[in-house]
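The basis for the numbers below is simple: all heavy atoms, side chains too, and nothing from hydrogens, waters or symmetry mates. The sequence lines fix the lettering, A, B, ..., with proteins before strands; numbering per chain opens at 1.
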Amino acid sequence: MEKEQLNGLNAIELKGINKSFGSVVANKNIDLTVRKGEILALLGENGSGKTTLMNMLSGIYRPDSGSVFVYGQEVHIYTPQDALNLGIGMIHQHYKLVDNLSAAENIVLGTKTKKQSMSQLAKNIEQLSLHFGLNIDPNKKIYDMSVSEKQTVEIVKVLYRGAKILVLDEPTAVLTPQESKKLFAIITKMKEEGNSIIIITHKLNEVMEVSDRVSVLRKGECVATVETKKSSAEQLTELMVGRAVDLSIERPETFKSDPVLEIVRLGVRNDEGVEMLKDVNFDLRSGEILGVAGVAGSGQKELCEALAGLQKVEKGAILYYKENIVGRTPDEIIRLGISMSFVPEDRLGMGLVASMGMTDNMLLKTYKQSRGGFVKRSPARLKAKALIERLDIITPGTETPVSKLSGGNVQKVLLGREIESQPNVLITAYPVRGLDINSAYTIYDLLNEQKMKGVAILFIGEDLDVLLELCDRIMVLYDGQVQDILQADQVTKEQIGLLMTGQKPRELKEVR
Amino acid sequence: MLKSRRIKGEPLFKIQRIEEESPTKSFIVRVLAVLAALTAGGFFLSLLGHNPLVIYQAMFKGSFGSVMSTQGTVKIVVPLVINALAVSLAFKMRFWNIGTEGQMIVGAIAASYFALFKGNWPHFLLISTMALVSIIAGGLYGLIPAYFKARFSTNETLLTLMANYIALYAVQYLKEGPWKDPGAKGFPQIARFAQNARLSMPLGVHFGWIIALLAVPLVYIYLRYSKQGYEIAVVGESEKTATYAGMSVPKVIMRTMFLSGGLAGLAGMLQASGADRTLTDTVAGGVGFTAIIVAWLANLNPAAVLLVSFLFALLEKGGGYIQSMFKISASAADVLQGIILFFVLAFEFFLRYRIIINKKGD
């Protein structure tokens, strides 16, 4: 009865939505519809306003103006509870779970249903998850869960609260290709049951694979809504960026010498005493890009920091031109010419000083080299100016705090400074994270340029497509161990995905 | 059917963070703050039956009206400026040193030892020694919390605060015990310093004002242009970045705190030898805490520290003056100071946040 009444109506209709934060316009006059029983992809570059728009739908922000219709009724959503009452559930990029509670406890947390026994609750949850093909252990604690398990809990959580409209914010960012496939199967099943799903993403292949329609946001405006089938990756990119973009990444051939860096049986424990790297062996040659693939937290951070002398090494050796650098201070390692451009999740947390301008950031690793007790700013200012020219960095000036620059420009400042020091080894972790397509390709070009100069590059990446195209070899980390090191042109994304989840290379061969 | 929910009770206003306010607007807000403070204080004074304009005029006259009153004001400014500079050094590194009070006292104790027991040394040698030991003592006293922070990441706020009381009680112990003046007829106090141990008085105020005036540009240059100052800024922003850049974070923390404590210690020596001419347990008398407010209001900028210190001294000196002139009780004068200070501090809110009134209706 209810269903019939709802038929023919759009699940969600947004009309003329505006939202600004101070002087920044995040959403400008956005119209958007989501039909019943469809998957709508919300595509756009970082900072195009996708998440802001969805946060208004889920009651985290309120629009400055515009109207929201849910199943044909105009509504005002002021709190996440309002959104849930309307059947809208959002799964945020950063999960909102209580670590030391179980899955079941997290799922009921904050609901106002009648008290029920834990076993009854567990049964209900299992029934619900089974229905959608979700696999979940209600009694497992969140801290024992993998990223994909946590995501499943988030999904069950909103379903349990009766959500019929699901918003997923970058759901595959932390998943392996296999886990992503599974997630897509689940949301397809939900769609078939008449639910509506909005998936926020900037990955084109996912859009093509799973969505029915695509709405493209650019600079806070909805520039187009198209049927996925009638579109193409090229067309979508053009809509997203605003002009045609060549999506292929070069992999220039270079002469590869003897190893510059040899890592022998490296073992590292973190501050809590957990073994983060176990018996890691590999080498790095000049003129090559060695990619590192792995699920987040597989030891990438520890590897980078160990190489730069920031992390205490427990076992093994790091040989730089046959000389062991384990136990050297970062200062000594910098002077050896091992330049590390490490970009952690919070970009300005380590490589740059957020409140300082470009000039002062140029000085960060070299200020000690000048004589006397005073900092020599004028050469650094010249260097900053040269960098602005060469890398097209957009900034009001050399003294503007780098925190005011866009993500892409911050990245250029960081990488530019490292390259300026003419390193032999360049270690870069997630250098294109959060960047728009253009900036990302500038960074790839810069890395290739260094590679052709004979620099040995370690590239910690997350997008497997990029790793496969850019790198010469790919090393797969799993649980702090090297699974395998493969020639990038002789391996598929799926094979790497399997290695990332812990399957042994031998097993892989048998599968093949 | 799903029902739409309409919530009527939207809040009347919302508060938004401002990234950075333009210098002109900051200036206007600060002027408005002072005006609002004076208006509110005026209400209070009217309630007491006084004409606020007369009182304010008197406060100004009491602090800058004559050579003597100006000298008195400068005497208040000296320890305030030096302590606020000490606070700025540490705060720039985001090391919350709220212990300059204690570091000042320890510096005064060390200097007093020489003043009391080596009073026969030649004046110049004695004063130089006193200055040197006060810096070292204050510095070492500041080094203790720095060491524990660098080594065991203890909470420096707690440690520096507690250290204040240790220093304070140490003076009381000395006053009633080993350093008790036998000539004071059993009254617990420390003897007055010998003439050699007293600071000279150029232009009628003890020598400390020259030190304070020199310290302002020195600290400014140190923070802005020296390598060590650069390291302080980087460590303050992010210890991870500092480590990444090859700096030794513990070394920077300890060195800076030695300097911060040393400056405060020197202020203690100047106060004891220049102003008090003896060691009392009020040698710091809360200056270390006022200095924190001064440093914050000055935005850790040494030049602004000087200006703000004068404003504080005006409040204090003027407050004292109106007590005797208009028979306003000491506590009422304190309330007036409190009101004015409250408004000035509260207006800082408007530099960081903006209030947006929600329009009626949807």
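Contact of the B/Tyr230 side chain with the A/Arg377 side chain is registered, since non-hydrogen atoms from C-beta on lie closer than 4.5 Å. Using a 4.5 Å cut-off on side-chain heavy atoms (C-beta onward), A/Asp331 and B/Met247 make no contact. Inter-residue side-chain proximity for B/Gln228 and A/Phe374 is flagged as unmet; no heavy-atom pair is nearer than 4.5 Å. A/Met350 has its side chain out of reach of B/Glu239: every pair of non-hydrogen atoms, C-beta onward, lies at least 4.5 Å apart.
Smallest separation of non-hydrogen atoms from A/Val375 and B/Ser226: CG2-O, 3.6 Å. Of all the heavy atoms in B/Ala233 and A/Met356, the pair that sits closest is CB-CE, 3.3 Å. For the pair B/Gly246 and A/Pro330, the tightest heavy-atom approach, listed with the atom from each and the gap, is CA-CB, 4.1 Å.
Within a 6.0 Å sphere centred on OH of B/Tyr220, heavy atoms belonging to other residues, nucleotides or ligands number 12 at most.
Remark: A/Lys365 qualifies as a cation-pi partner of B/Tyr244 under the 6.0 Å distance and 45° angle criteria applied to the six-membered ring.
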Query raised in the report: Is there a side-chain contact (heavy atoms from CB on, under 4.5 Å) between B/Thr241 and A/Leu352 once you walk through the steps?
Result: CA-CA 7 Å; B/Thr241 309; A/Leu352 294 170; over 6 Å; no
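In this structure, a donor-acceptor pair under 3.5 Å is present between the side chains of A/Tyr367 and B/Glu231.
If you measure heavy-atom distances from A/Ser355 to chain B, the contacts under 4.5 Å come from both the backbone and the side chain. Contact annotation for B/Ser238: only side-chain heavy atoms (C-beta onward) come within less than 4.5 Å of a heavy atom of chain A. Contacts between A/Lys376 and chain B at a heavy-atom distance below 4.5 Å are absent for every atom of the residue. With a 4.5 Å cut-off on non-hydrogen atoms, B/Ala242 does not touch chain A at all. Proximity to chain B is absent for every atom of A/Thr366, based on heavy atoms less than 4.5 angstrom apart.
B/Lys227 places a side-chain N or O within 3.5 Å of a backbone atom of A/Gly372 that can act as its donor or acceptor partner. Although no hydrogens or angles enter the test, the distance criterion places no donor-acceptor pair under 3.5 Å between the side chain of B/Lys240 and the main chain of A/Gly351.
The structure places OG1 of B/Thr243 at 12.0 Å from CD of A/Gln311, a figure rounded to the nearest 0.5 Å.
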